[in-house]
Structure formats: structure tokens, C-alpha cells
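Throughout, a chain's letter reflects where its sequence line sits, starting with A, and its residues are numbered from 1.
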Amino acid sequence: MSRGILSKVIEEIGETQAEIRAEDYTMVNVRPGEKVASMLDLVSVLAGKTPSAVVAEELSSRLAAYAVSSATHAGAILDAAEEALKQSQMLQPGCALDILLKADVIEVENGFEKQIRNKLFAPKEESERGSHE
Amino acid sequence: MSDQNVRSFSVNQGSVLDGEFTLRVKPEMLPEASDQSSSGKPKSDRKFNIRIKQHDVLLFDALAEQEGVSRSVLINRLLHDFLRDELMSVQDDDARALLAVTADEQANYDDLAQSWVLDALGSDFHHILRNVLEFNDRNEQQPSDHPGAPENQFNSEAFIGLRNKLKGIKK
């Protein structure tokens, strides 16, 4: 049985609602202009997805690629990563910063890791002195 | 003549031309309002709600601030690059051209934003486009060169499939 118009509409409403409720996401309103809007519409129709769904999976990797396209972006990457870690202590899986982390462009050491490192790699004299005392 | 097209006012500059001036615009000499648009299509200026990961929003904002542009400008730039790459990933020239033409038909371009190259070579460009869509070849072709050729004889399978799908969508 082919899918009816109403079932498609209901599915899209559900999808949109799920998108809005997803805590890890923000709905951003964009006016991309005639050229981008018309092609985005066309790709969405051909793919059978909403424009948001077409873009959502691609945007993080595009943003990561853009961020590493210039050394002048280093400060902005640091600013964003600092804010993200202050908010949630770890990077959202699949976000552009997470992609940069996995690509070894950025390095994160959390408080726990720092403690472990200090204990394991503390200078020998200090640890020996500690044991004599 | 309608009052909207006539205006009277007094001028006092201390010259012999001083006095009551009357100004008229001849509407019959002006094109209709609907002819002023380049393509006749209304400008859409549509909005899209795009779902973005929260940490991506932070990076967008940081990069946008550093570059002195808005977040929206940066998102649009990436969207354009993404869609252009998608278009260019289509291997067959005729199918790629068909997608581009279909998208362009839906858009209302501002002539001021059009590239100078298109202004300079517009007619040549349209000639090449016709060759690609009809013969899947950029070089000069004439229908008379191929007498009795069935429709879409020269088109790729991707073009034919895409054209049929687009017909269904347009209905």
C-alpha cells in the first residue's frame, strides 16, 4: 500500500516535534537566499527528507572542515571548546568539536585525567621524599 | 490624468522662473509594475528551521564573531558549499544540468547579484546548456545531424530517471 499524503504530513510533524524536543539540538532560523533555498528544497524533495534532516547530518563535518581551514580559527575553536566543556564537561558526540578531537586537532584533559597523570608521573624525588616522611 | 501623477508646488529662488510649478509623470511611458521584476516570480526570502547541535552553535558563534559576520552568514556559506558539492558529485553532465536548471527555475535571482561572466557570456552559456540537456555534449550539435533519433537518444540513464522523477514532483 502506498503512503498517503496525510501519513507523510503526520510523520513530518512528529519528526519536527522530536527535533524541537531533542535536548542536544537547537533550532536555528536561517534565510539562505534564493540560490541555496531553491536547491535545498529540491534536494529535500528528492531525498524525501525535511530540509533540516538533510542538513543536520552534514553540518557538523562541514563546520569542522571550515574550522581547520585556517590557523586564524584557533582562538575561536578554543573559545567554543571552553564554553562547551564548561556547560557539559564533555563534547557532544558527533559535533564539530568532537570531530576535531578525534582528528587530533584539539586535545582535552579533564580534571580526573590530570590527577591521575600527576600521581603517575610525579617527579621521583618528591614521591621518595614523601615515603621517607 | 490621476492626481497621483501630478504634483504642484511653488518655487521662490529670486529668479524669473519663480512661481507655481506643476510636475507630471506620464504613466503610459513607464512599464507595468509586474514587468519590473527580472523573472516575474515573487521573491520568496524563505526561512528554514535547521536543527543544529548545541556545541556546533557555540563554534558557529565563536567563528562568526572572529570573522565579524553573523552566525546566519556562516551557516549559509556552509550550506552553499554543501549543496554545490552535492550537485558536482553528479557524474553525468546532463543530469547535473537538469538539477541546476530545475533549482534555478524555482529561484528568483537578483540581476545585481548575477556574476559578470553570465552577463558577458549569457547567450553562449544558454547555448551550451541546451546542448548538454539535449545531447549530453557541450559541443555544437544540431537536431538535423541526427535524423530519426528517438527522444533522449543521447541522454544518460540518470538524466532520464531524474527527469521522470521531477515530472512526478511537479504534478
Student: From F82(B) CZ over to E58(A) CD, what is the distance, rounded to the nearest 0.5 angstrom?
Tutor: 4.5 Å

Student: For residues 110-118 of chain A, give me every residue with a non-hydrogen atom less than 4.5 Å from any non-hydrogen atom of chain B.
Tutor: none

Student: So that I can tick it off, tell me whether D93(B) and R138(B) are bridged by a salt bridge, with the cut-off set at under 4.0 angstrom between side-chain N and carboxylate O.
Tutor: yes

Student: For the interface with chain A, which of L87(B), L99(B), V73(B), L59(B) has the highest count of heavy-atom pairs at distances below 4.5 Å?
Tutor: L59(B)

Student: Mind checking whether T22(B) and V6(B) have side chains closer than 4.5 Å, heavy atoms only?
Tutor: yes

Student: Check whether I75(B) gets within reach of chain A through its side chain, its backbone, both or neither, counting any heavy atom under 4.5 Å.
Tutor: side chain

Student: I'd like to know which of P32(A), S88(A), A67(A) tops the heavy-atom pair count under 4.5 Å against chain B.
Tutor: P32(A)

Student: Where does E67(B) contact chain A at under 4.5 Å (heavy atoms): side chain, backbone, both or neither?
Tutor: side chain

Student: Determine the option with the most heavy-atom pairs under 4.5 angstrom with chain B, choosing from G33(A), A81(A), G94(A).
Tutor: G94(A)

Student: For residues I106(A) and V57(B): do they belong to one hydrophobic cluster (side chain heavy atoms under 4.5 Å, members Ile, Leu, Val, Met, Phe, Trp, Tyr)?
Tutor: yes

Student: So which of A64(B), A62(B), A103(B), S72(B) has the largest heavy-atom pair count under 4.5 angstrom toward chain A?
Tutor: A103(B)

Student: Treat each ILVMFWY residue as a node, draw an edge where side-chain heavy atoms are under 4.5 Å apart, and state whether W116(B) and L118(B) are in one component.
Tutor: no

Student: Contact part of E83(A) toward chain B, heavy-atom cut-off under 4.5 Å: side chain, backbone, both or neither?
Tutor: both

Student: Between P51(A), A56(A), A65(A), S60(A), who has the most heavy-atom pairs with chain B when the cutoff is under 4.5 Å?
Tutor: S60(A)

Student: Of all of V54(A), V45(A), L46(A), which one pairs up most often with chain B through heavy atoms under 4.5 Å apart?
Tutor: L46(A)

Student: Spell out, yes or no, whether M39(A) and L133(B) are grouped together once hydrophobic residues are joined by side-chain heavy atoms under 4.5 Å, including indirect joins.
Tutor: yes

Student: Please flag which part of L162(B) lies under 4.5 Å from any non-hydrogen atom of chain A: side chain, backbone, both or neither.
Tutor: side chain

Student: Under 4.5 Å from any heavy atom of chain A, what part of R77(B) do you find: side chain, backbone, both or neither?
Tutor: side chain

Student: Just so I understand: if I count every heavy-atom pair under 4.5 Å between each of L91(A), D98(A), V43(A) and chain B, which residue has the most?
Tutor: L91(A)

Student: Looking at every non-hydrogen atom in both residues, tell me the closest pair between R31(A) and N76(B) and how far apart they are.
Tutor: O-ND2, 3.2 Å

Student: Would you say L129(B) and L42(A) are hydrophobically clustered, going by side-chain heavy atoms of ILVMFWY under 4.5 Å?
Tutor: yes

Student: Output yes when a side-chain donor or acceptor of S38(A) lies under 3.5 Å from a complementary backbone atom of Q106(B), and no otherwise.
Tutor: no

Student: Hey, could you give me the CZ/CZ distance between F60(B) and R71(B), rounded to the nearest 0.5 Å?
Tutor: 9.0 Å

Student: Is chain A contacted by the side chain of D61(B), its backbone, both, or neither, given a heavy-atom distance below 4.5 Å?
Tutor: neither

Student: Between L63(A), T72(A), D79(A), which residue shows the highest count of heavy-atom pairs closer than 4.5 Å to chain B?
Tutor: L63(A)

Student: Between the side chains of S156(B) and D94(B), is a donor N or O closer than 3.5 angstrom to an acceptor N or O?
Tutor: yes

Student: Go through the atoms of L78(A) and report whether side chain, backbone, both or neither lie under 4.5 Å from a heavy atom of chain B.
Tutor: neither

Student: Looking only at heavy atoms, what is the nearest atom pair of V90(B) and A95(B), with distance?
Tutor: CG1-CB, 3.9 Å

Student: Please determine whether residues L58(B) and L74(B) belong to a single hydrophobic cluster, defined as Ile, Leu, Val, Met, Phe, Trp and Tyr linked transitively by side-chain heavy-atom distances below 4.5 Å.
Tutor: no

